Amino acid sequence: MIPSVAHAAGAELRFSDPATAVGANVDVKVKLTADSEVSSVSATLTFDSNYLRFVSGEGASATDDQIQLSSNTAASEISWSLQFQALQEGTTKIEVGSVTGIASDGTTLQVTQGNSTITIGEGDPSLI
């Protein structure tokens, strides 16, 4: 009898690191790239609501300072575009609280997690 070994598929969750100004909207790109086709993925992201206000994102919903991302698209690359409004000057991060994914063959994805650093410069607070 030959022993079988199940290997978890690998994936990376990466982010853009944009710069913006107070009062302006900023897009943060999120991309999951996997070794094989993914059947589903969900992630919880956290952000500082003193610096950012979530505006919109396809496949994304927000409550307080958390964003839920999800996709049931069968692909080896899945992307989201998240839009925020910048509320005050400084540097802030969007980080991964948790992420789970299933490859098309049913194995669990082992996801390397990234984060986004957003630099917010002087702007127009009256736009908030």
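Start at 1 with the first residue, then count along the sequence. On a predicted model such as this, the values are computed, not experimentally measured, just so you know. Side chains are part of it too, since the values below use all heavy atoms of this structure and drop only hydrogens, waters and symmetry mates.
Atom-to-atom distance recorded for L69:CG and I78:CD1 is 10.5 Å, nearest 0.5 angstrom. Residue F54 holds its CZ atom at 13.0 Å from CG of D64, rounded to the nearest 0.5 Å. The CD atom of Q113 sits 7.0 Å away from atom CG of L13, with the distance rounded to the nearest 0.5 Å. How far CG of D48 is from CD of Q88: 7.5 Å, rounded to the nearest 0.5 Å. Once rounded to the nearest 0.5 Å, the distance linking CG of L87 with OG of S49 reads 8.0 Å.
Here A34 pairs with A11, V38 under the side-chain contact (heavy atoms from CB on, under 4.5 Å) rule; sequence neighbours left out. Contacts of N25 classified as side-chain contact (heavy atoms from CB on, under 4.5 Å), with partners at least two apart in sequence or in another chain: V55, Q83, Q85. Residues passing the side-chain contact (heavy atoms from CB on, under 4.5 Å) test with S16 are P18, V28, K29, sequence neighbours excluded. By the salt bridge (charged side-chain N to carboxylate O under 4.0 Å, His left out) test, R14 is found to be paired with E12, residues two or more places apart in sequence or in another chain being considered. For T46, the side-chain contact (heavy atoms from CB on, under 4.5 Å) test picks out Q66, E95, with sequence neighbours left out.
A donor-acceptor pair is defined here as one N or O able to donate and one able to accept, closer than 3.5 Å; such a pair exists between the side chain of D17 and the backbone of T117. S39 places a side-chain N or O within donor-acceptor distance of the main-chain N or O of I102, the cut-off being under 3.5 Å.
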Residues T108, T100; criterion side chain to side chain contact (heavy atoms under 4.5 Å, CB included); working and verdict:
CA-CA 8 Å; T108 301; T100 57; over 6 Å; no
Between I118 and Y51, does the side chain to side chain contact (heavy atoms under 4.5 Å, CB included) criterion hold? Intermediate values first, please.
CA-CA 9 Å; I118 301 166; Y51 285 90; over 6 Å; no
Step-by-step side chain to side chain contact (heavy atoms under 4.5 Å, CB included) determination, D27 to L82
CA-CA 6 Å; D27 289 325; L82 308 176; over 6 Å; no
Does the side chain to side chain donor-acceptor pair (under 3.5 Å) test come out yes or no for E37 and S76, once each step is laid out?
CA-CA 4 Å; E37 191 171 88; S76 60; over 6 Å; no
As a quick check of understanding, evaluate side chain to side chain contact (heavy atoms under 4.5 Å, CB included) for V30 and I94, giving each step before the final call.
CA-CA 10 Å; V30 183; I94 298 172; over 6 Å; no
Test log, rule ring pair (Phe, Tyr, Trp, His ring centres under 6.0 Å), inputs F47 and F84:
CA-CA 10 Å; F47 66 96; F84 296 86; 5.4 Å; yes
With a 3.5 Å cut-off and sequence neighbours excluded, list the donor-acceptor pairs that the side chains of residues 120-128 form with protein atoms.
| from | atom 1 | to | atom 2 | distance (Å) |
| --- | --- | --- | --- | --- |
| D124 | OD1 | S126 | N | 3.0 |
| D124 | OD1 | S126 | OG | 2.5 |
| D124 | OD2 | S126 | OG | 3.2 |

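The side-chain heavy atoms of V111 and L32, taken from C-beta on, include a pair separated by under 4.5 Å.
Within a 6.0 Å radius of CD in E89, other residues, nucleotides and ligands contribute more than 12 heavy atoms.
Nearest approach of S116 to F15, heavy atoms of both residues: CB-CB, 3.6 Å. Shortest non-hydrogen contact noted between W80 and G59 is NE1-O, 3.8 Å.
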